[in-house]
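Structure first, commentary second.
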Amino acid sequence: MAAVDFFPLDQLRPGMKGVGRTVFAGEKIEEFGVEILGVLENIGPKQSIILGRLSGGPLAKTGVMAGMSGSPVYIDGKLVGAVALAFPFATEPIAGIRPISEMVEPFEQRAEPPPAGLRAALAALQRPGGGRVERWIPAADLRLLPVALDPVAGQSKLIPIATPMNFAGFTSRTLNVFGPALRELGLEPMQGAGGGSTSRSSRMGDPSTMQPGSMISVALVRGDLSVNADGVVTHIDGNRIYAFGHRFLSAGPTDLPFMRSSVMALLPNLANSFKISAAGELMGSIRQDRSTGIFGELGTAPRLIPVDVNLYSSRNGNQAYHLEIVNDRFFSPFLLQMAIYSAIDATERTLGASTFQVRGSIQFGGSQPPVVLDNVYAADNNNAILVAFAAAQPMAYVMQSSFPDLRVERVRLEVESIDQKKQLKLDRVWAEPREAKAGEQIALAAVLRGENGQETVRRVNFRIPPGTPEGPLSVTIADGAGMNLLDLRGLTPSREAATSLQLVRAINELRRNNKLYVRVWRTDRGFQVENDPLPSPPASLRALLAGGAAATGGLGTTYSAVLDEMELAGFDTAVAGSETIRLTVKP
């Protein structure tokens with residue numbers, strides 16, 4: 001393709017006429033008129049926007065459409081920039097044009113990390129209380145996507161043109177649940193408004209057929225479920241392409257497949273007209289996603305993560321989903337969460353009481369052991385959201401860690417659905433005797449009550465370690481989430497996993513929802529080895545640790561000395577509840 005000169009920004013004058021190029025139907029690139037109205041300087045940090053009135057084709061009826069982002073604008077054959085911004089609810093097709101220099105120059109510079117906005121959690125989707133606390137894992141650092149913004153905000157100012165995000169195979173409820181977080185990024189989720197053949201989207205097309213003005217679909221998910229976002233190519237330089245004229249996901253360095261796209265129809269809309277399209281052959285990979293556009297390479301295939309989800313229920317039998325999601329440390333967990341929720345919502349109960357058994361693994365390259373998933377979730381309502389979040393959460397931990405050897409190769413999930421709440425709640429706890437000497441045995445019992453009022457009793461014996469000082473002793477019996485919370489509160493804040501093996505082990509050691517955990521402890525200085533409790537160290541070792549050795553070598557201190565911890569297993573349901581009783585060690 002012949003080199004194209006750029007039109008200098010400082011030579012633009014109001015009244016200048018130019019042409020833009022985009023696709024209104026099929027894959028045919030058509031021209032539309034552009035009249036320069038002026039230049040808005042410093043509209044962003046060291047950024048300017050060219051204001052232009054568009055004309056021709058269907059624009060008088062549709063206005064500036066979602067899906068036009070990146071449409072190149074030329075004056076005298078020189079590239080001015082890309083149609084990238086618009087005024088919401090405008091009655092005229094007036095657009096903001098991103099200068100081409102601002103689209104190209106940033107990608108010649110050093111890659112920047114993803115912005116902090118991407119690290120804001122989907123707080124409304126997180127399980128309250130339990131499920132967010134793990135050993136060595138600072139929950140405040142686990143983030144998926146931004147929270148929703150005020151839908152009224154920004155209607156009177158120039159904003160990036162919404163990017164149509166086409167969902168195929170997803171339920172409408174999925175878009176209702178996750179849509180606000182997507183709209184925060186300037187994306188417009190649409191169900192069934194686009195799609196494409198899975199076989200075509202994985203087959204590499206001819207890069208030479210791409211031209212400025214061509215439609216492309218950037219894929220986030222493909223397979224039995226698919227998610228594609230549409231825009232236009234602005235500029236091609238060798239095998240490098242520049243598109244959109246504004247951020248896509250604010251992902252910074254990334255690796256997203258993009259395909260050729262064909263426009264099937266235009267849908268005029270008072271709020272936001274948009275293109276309906278279908279994705280075609282794979283054309284390359286998006287490598288960078290910044291505030292002024294996206295940058296990619298033609299003819300390169302991205303590395304995607306295969307995901308297998310098998311959903312089983314006695315009522316609906318087996319439903320298997322095979323898909324691939326993008327390999328992005330922030331978006332992969334969110335996409336997995338959406339896929340799991342949609343798979344459940346398609347055939348199972350998402351409102352009302354339910355129980356889900358989740359088993360599976362997150363597999364890594366090399367010799368790394370997998371993260372093993374095995375848990376039960378029971379709730380009276382919205383259980384599908386809890387299951388989807390909990391299943392995707394370990395993936396977020398490993399992908400957002402700093403360990404390069406934790407490279408996710410595959411995710412496998414088996415989800416069993418039961419149309420009732422199978423849960424036992426901790427009703428009461430007692431000990432016999434309540435006072436004993438060091439070295440003596442105490443019998444502990446926990447009574448759990450089911451949904452039908454039936455009681456289940458579990459017993460365990462605990463021997464007070466010899467040499468335990470006299471005074472009060474505490475016994476906490478709690479479910480997995482409650483015990484995880486106690487662990488988090490007891491951690492030294494500066495202590496995190498030192499190696500990838502430690503991180504995987506910490507995730508795999510998280511307590512399960514179908515067990516009760518018994519912890520015997522006292523309010524005293526305690527010790528940890530590699531963030532694991534060191535129960536009842538001998539007096540000689542305690543003196544050594546207290547003398548300062550705990551400051552190095554993977555040792556740490558807490559203010560809750562754990563004497564012992566045991567499991568009460570054998571439940572075929574989820575269990576919930578927490579209770580602490582006091583004992584006395586006699587002289």
Subject >> Closest heavy-atom pair and its distance - Val34, Gly20 >> reply: CG2-N, 3.8 Å
Subject >> Ser101 vs Leu9, side-chain contact (heavy atoms from CB on, under 4.5 Å): CA-CA, chis, key distance, verdict >> reply: CA-CA 9 Å; Ser101 59; Leu9 183 64; 5.6 Å; no
**OP:** Determine yes or no for a side-chain-to-main-chain donor-acceptor pair under 3.5 angstrom, with Gln319 supplying the side chain and Ala343 the backbone.
**Re:** no
**OP:** Might you work through the side-chain contact (heavy atoms from CB on, under 4.5 Å) test for Tyr74 and Val80, ending with a clear yes or no?
**Re:** CA-CA 5 Å; Tyr74 301 85; Val80 175; 5.8 Å; no
Original post:
Any donor-acceptor pair under 3.5 Å linking the side chain of Asn508 with the backbone of Val372?
Top reply: yes
Subject >> Whether over 12 other heavy atoms sit under 6.0 Å from Asp10 CG >> reply: yes
Original post:
Is the backbone of Glu297 close enough, under 3.5 Å, to the side chain of Thr300 for a donor and an acceptor to pair up by distance?
Top reply: yes
Original post:
Of all heavy-atom pairs between Ser226 and Phe170, which one has the smallest distance, and what is that distance?
Top reply: O-CE1, 3.6 Å
**OP:** Classify the angle between the aromatic ring planes of Phe244 and His246 as parallel (below 30°), tilted (30 to 60°) or perpendicular (above 60°).
**Re:** tilted
**OP:** Give a yes or no answer on whether the side chain of Asp255 reaches the backbone of Arg303 with a donor-acceptor pair at less than 3.5 Å.
**Re:** yes
**OP:** Tell me yes or no: between the side chains of Tyr341 and Gln337, is some donor less than 3.5 Å from an acceptor?
**Re:** no
Original post:
Which atom pair, heavy atoms only, marks the closest approach of Ser273 to Pro268?
Top reply: OG-CA, 3.3 Å
Original post:
Under the ring-ring contact (aromatic ring centres under 6.0 Å, His included) rule, what pairs show up with a residue in residues 13-35, not counting sequence neighbours?
Top reply: none
Original post:
Are any non-hydrogen side-chain atoms of Met68 and Leu54 less than 4.5 angstrom apart?
Top reply: yes
Subject >> CD1 on Ile49 to CD1 on Ile43, rounded to 0.5 Å >> reply: 5.5 Å
**OP:** Enumerate the residue pairs fulfilling ring-ring contact (aromatic ring centres under 6.0 Å, His included) with a member in residues 280-311, sequence neighbours excluded, ordered by first and then second residue.
**Re:** Phe107-Phe295, Tyr242-Phe295
**OP:** Please list all pairs passing the side chain to side chain donor-acceptor pair (under 3.5 Å) test where one or both residues lie in residues 11-20, with sequence neighbours left out.
**Re:** none
Original post:
What residues form a side chain to side chain donor-acceptor pair (under 3.5 Å) with Glu30, not counting sequence neighbours?
Top reply: none
**OP:** Please step through side-chain contact (heavy atoms from CB on, under 4.5 Å) for the pair Val408 and Ser332, ending with a clear verdict.
**Re:** CA-CA 10 Å; Val408 178; Ser332 295; over 6 Å; no
Original post:
About how many Å separate OG1 of Thr292 and CZ of Arg247, when rounded to the nearest 0.5 Å?
Top reply: 9.0 Å
Original post:
For the atom pair CG (Asp224) and CD (Glu324), what is the distance rounded to the nearest 0.5 Å?
Top reply: 11.0 Å
**OP:** Measure across Ser217 and Asn228 and return the closest heavy-atom pair with its distance rounded to 0.1 Å.
**Re:** CB-CB, 4.0 Å
Subject >> Results of side chain to side chain donor-acceptor pair (under 3.5 Å) for Arg21 - residues two or more places apart only >> reply: none
Subject >> Partner residues of Thr209 under the side-chain contact (heavy atoms from CB on, under 4.5 Å) criterion, sequence neighbours left out >> reply: Asp206, Arg260, Met283
Subject >> Side-chain heavy-atom pair Phe258, Leu256 within 4.5 angstrom cut-off >> reply: no
Subject >> Backbone N/O of Leu187 and side chain of Thr163: donor-acceptor pair under 3.5 Å >> reply: no
**OP:** In plain terms, say whether Arg412 and Asp308 are close enough for a salt bridge, that is, a side-chain N and a carboxylate O under 4.0 Å apart.
**Re:** yes
Original post:
When rounded to the nearest 0.5 angstrom, what is the spacing between OG in Ser71 and CD in Glu31?
Top reply: 12.0 Å
Subject >> Atom of Pro164, atom of Ala162 and distance for their closest heavy-atom approach >> reply: CD-O, 3.5 Å
Subject >> CD on Gln502 to OG on Ser401, rounded to 0.5 Å >> reply: 12.5 Å
Subject >> Side-chain (Lys275) to main-chain (Val23) donor-acceptor, under 3.5 angstrom >> reply: yes
Original post:
Okay, side chain of Asp289, backbone of Ser250: is any donor-acceptor separation there less than 3.5 Å?
Top reply: yes
Subject >> Side-chain donor/acceptor of Thr62 to backbone N/O of Pro58, under 3.5 Å >> reply: yes
Original post:
Do Ser214 and Gln211 come within less than 4.5 Å of each other through their side chains, counting heavy atoms only?
Top reply: yes
**OP:** Ignoring hydrogens and angles, tell me if any N or O in the side chain of Ser342 forms a donor-acceptor pair with the backbone of Ala339 under 3.5 Å.
**Re:** no
**OP:** To the nearest 0.5 angstrom, please state how far the CG atom of Asn166 sits from the CG atom of Leu220.
**Re:** 11.0 Å
**OP:** Report yes if the side chains of Val232 and Pro72 come closer than 4.5 Å at any heavy-atom pair, otherwise no.
**Re:** yes
Subject >> Any Val398 side-chain heavy atom under 4.5 Å of Ile507 side chain >> reply: yes
Subject >> For Leu406, the option from Leu501, Val504, Val371 that meets side-chain contact (heavy atoms from CB on, under 4.5 Å) >> reply: Val504
Original post:
Any side-chain heavy-atom pair from Ile159 and Pro88 closer than 4.5 angstrom?
Top reply: yes
Original post:
Counting only N and O atoms by type, is there a donor-acceptor contact under 3.5 Å from the side chain of Arg329 to the main-chain atoms of Gln400?
Top reply: yes
Original post:
Of the non-hydrogen atoms in Ala82 and Thr234, which two are nearest, and what is the gap between them?
Top reply: CB-OG1, 3.4 Å
**OP:** Could you tell me whether Arg359 and Glu414 have a side-chain N and a carboxylate O separated by less than 4.0 Å?
**Re:** no
Original post:
Any side-chain heavy atom of Ile286 within less than 4.5 Å of one from Phe248?
Top reply: no
**OP:** Answer whether the closest heavy-atom distance between the side chains of Asp237 and Val104 falls below 4.5 Å.
**Re:** no
